[in-house]
Amino acid sequence: EVIYYEGFDSGILSEAWLTRDYSLGLGHEWDVLNYGSMDFPYFALGVGNTEDYYILDNTVTEAYSPIFDMSTIADDKTVFMEFAYNFLMEPGFDIASMYAVVLDENLFISDVYYIGSTEDVFFNDGSFQYGMLNLDFLKGELVTFVSVVETDDDVYSAWALIDDILIYTM
């Protein structure tokens with residue numbers, strides 16, 4: 001059963017998503033960008049300039065998914081999340097990472113789970129990859145998924161994008 005799917009194909013960031021720029025306007029912010037052409041658009045949630053393919057120095061930006069109530073999932077079901085990604089970040093200095101953030105009943109953060117980054121589990125070579133996670137450890141929780149991009153003040157990174165987010169049970 002599909003719980004959620006977002007392919008960003010409309011070219012517009014859904015109101016259910018929230019993005020933040022912590023670089024005081026000096027860097028880029030997550031947004032739905034066209035990584036294709038005008039004739040053959042390919043929209044994805046990304047960071048950077050898609051014409052020249054670079055992310056500004058001193059970028060610190062976060063994208064928050066909609067909040068998911070995992071308490072409604074039956075015990076006999078397994079919850080998975082799949083997503084496409086493509087990162088080309090300056091190794092050792094610029095980083096793209098993802099977290100599962102558990103919220104309490106007042107929507108305050110009660111726990112944070114590190115999913116991975118371009119420094120460890122995510123490929124960082126500019127190729128399209130797919131990730132798949134078992135989310136059973138989040139059953140019974142309110143959860144948002146947070147994607148973060150941080151750059152230093154030196155060499156430009158090229159891009160960070162996430163697409164085709166699918167959460168489902170089996």
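Both backbone and side-chain heavy atoms feed into the values below; hydrogens, waters and symmetry mates do not.
The closest side-chain heavy-atom distance from Asn134 to Phe80 is below 4.5 Å. Counting heavy atoms from C-beta on, the side chains of Trp17 and Thr19 never come closer than 4.5 Å. Annotation: side chain of Thr169 is in contact with side chain of Ile73 (closest heavy-atom distance under 4.5 Å). Side-chain atoms of Tyr85 and Phe123, non-hydrogen and from C-beta on, do get closer than 4.5 Å to each other. Side-chain contact between Leu133 and Tyr113: absent, with no pair of heavy atoms (C-beta onward) separated by less than 4.5 Å. With a 4.5 Å cut-off on side-chain heavy atoms, Leu26 and Leu56 do not count as touching. The shortest distance between side-chain heavy atoms of Ile3 and Tyr168 does not fall below 4.5 Å.
No continuous path of ILVMFWY side-chain contacts below 4.5 Å connects Phe128 to Ile162, so the two sit in separate hydrophobic clusters. Hydrophobic clustering (ILVMFWY, side-chain heavy atoms < 4.5 Å, transitive): Ile95 and Val149 are in distinct clusters. Leu107 and Ile109 fall within the same hydrophobic cluster, where Ile, Leu, Val, Met, Phe, Trp and Tyr residues are linked whenever their side-chain heavy atoms come under 4.5 Å apart, directly or through other members. A chain of hydrophobic side-chain contacts below 4.5 Å, direct or via other Ile, Leu, Val, Met, Phe, Trp or Tyr residues, connects Phe83 to Phe8. Each of Leu161 and Met89 belongs to its own hydrophobic cluster when Ile, Leu, Val, Met, Phe, Trp and Tyr are linked at side-chain heavy-atom distances under 4.5 angstrom.
A distance-only check finds a donor-acceptor pair linking the side chain of Thr144 to the backbone of Ser65 [under 3.5 Å]. Listed for the Ser147 side chain is no donor-acceptor partner under 3.5 Å among the backbone atoms of Ala63. In this structure, the side chain of Glu141 does not engage the main chain of Leu103 through any donor-acceptor pair within 3.5 Å. Although no hydrogens or angles enter the test, the distance criterion places a donor-acceptor pair under 3.5 Å between the side chain of Asn86 and the main chain of Gly126. Using modelled atom types, one side-chain atom of Asp104 and one backbone atom of Asn106 make a donor-acceptor pair closer than 3.5 Å. In terms of modelled atom types and a separation under 3.5 Å, the side chain of Thr118 and the main chain of Ala96 share a donor-acceptor contact. Within the 3.5 Å criterion, the main-chain N or O of Thr59 finds a donor-acceptor partner in the side chain of Thr151. A donor-acceptor pair under 3.5 Å links the side-chain atoms of Asp152 to the main chain of Asp154, judged by distance alone. With Asp31 contributing its side chain and Leu33 its backbone, the two residues share no donor-acceptor pair below 3.5 Å.
Closest of all the heavy-atom pairs between Val32 and Ile12 is CG2-C, 3.8 Å. In terms of heavy atoms, Phe68 sits closest to Pro66 at CE1-O, 3.2 Å. Minimum interatomic distance between Leu138 and Ala100 (heavy atoms only, all atoms of both residues): CD1-CB, 4.0 Å. When all heavy atoms are compared, the tightest approach of Asp164 to Gly7 is OD1-CA, 3.7 Å.
For the residue pair Tyr42 and Asp163, a side-chain donor N or O sits within less than 3.5 Å of a side-chain acceptor on the partner. In the model, Asp125 has a side-chain atom that pairs as donor or acceptor with a side-chain atom of Ser127 under 3.5 Å. Side-chain contact of Glu150 with Tyr22: a donor-acceptor pair under 3.5 Å is absent, judged by distance alone.
Applying the 6.0 Å contact sphere to CD1 of Ile67 captures more than 12 heavy atoms from other residues, nucleotides or ligands. Open room surrounds CE on Met170; 12 or fewer heavy atoms of other groups in view lie less than 6.0 Å from it. The neighbour count for Phe93 CZ, taken as heavy atoms of other residues, nucleotides or ligands under 6.0 Å away, does not exceed 12.
Note: Leu166 CG to Glu6 CD = 11.5 Å, rounded to the nearest 0.5 Å. Here Arg20 contributes atom CZ and Tyr64 contributes atom OH; the two are 7.5 Å apart, rounded to the nearest 0.5 Å. Taking CD of Gln129 as the reference point, atom CG of Asn124 lies at 10.5 Å (rounded to 0.5 Å). Note that the CD atom of Glu62 and the CD atom of Glu29 stand 10.5 Å from one another [nearest 0.5 Å]. To the nearest 0.5 Å, atom CG of residue Asn58 and atom NE2 of residue His28 are 12.5 Å apart. For the atom pair Asp153 CG and Ser23 OG, the distance stands at 12.5 Å (nearest 0.5 Å).
Not counting sequence neighbours, Asp9 has no partner by the salt bridge (charged side-chain N to carboxylate O under 4.0 Å, His left out) test. Every residue two or more places apart in sequence or in another chain that forms a salt bridge (charged side-chain N to carboxylate O under 4.0 Å, His left out) with Lys139 is listed here: Asp136.
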When you look at Tyr99 and Ile115, which way does the side-chain contact (heavy atoms from CB on, under 4.5 Å) test go after all the steps? CA-CA 5 Å; Tyr99 302 85; Ile115 293 173; 5.6 Å; no
Please test Ile165 against Met81 for side-chain contact (heavy atoms from CB on, under 4.5 Å), starting from the C-alpha separation and ending with a verdict. CA-CA 7 Å; Ile165 299 167; Met81 179 169 78; 4.2 Å; yes
Starting from the C-alpha separation in whole Å, work towards a yes-or-no answer on side-chain contact (heavy atoms from CB on, under 4.5 Å) for Leu135 and Val143. CA-CA 10 Å; Leu135 300 179; Val143 181; over 6 Å; no
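Aromatic ring pairs are classed by plane angle as parallel below 30°, tilted from 30° to 60° and perpendicular above 60°; the pair Phe122 and Phe87 is tilted.
Taking the six-membered ring where the residue is Trp, the centroids of Phe145 and Tyr4 are separated by 6.0 Å or more.
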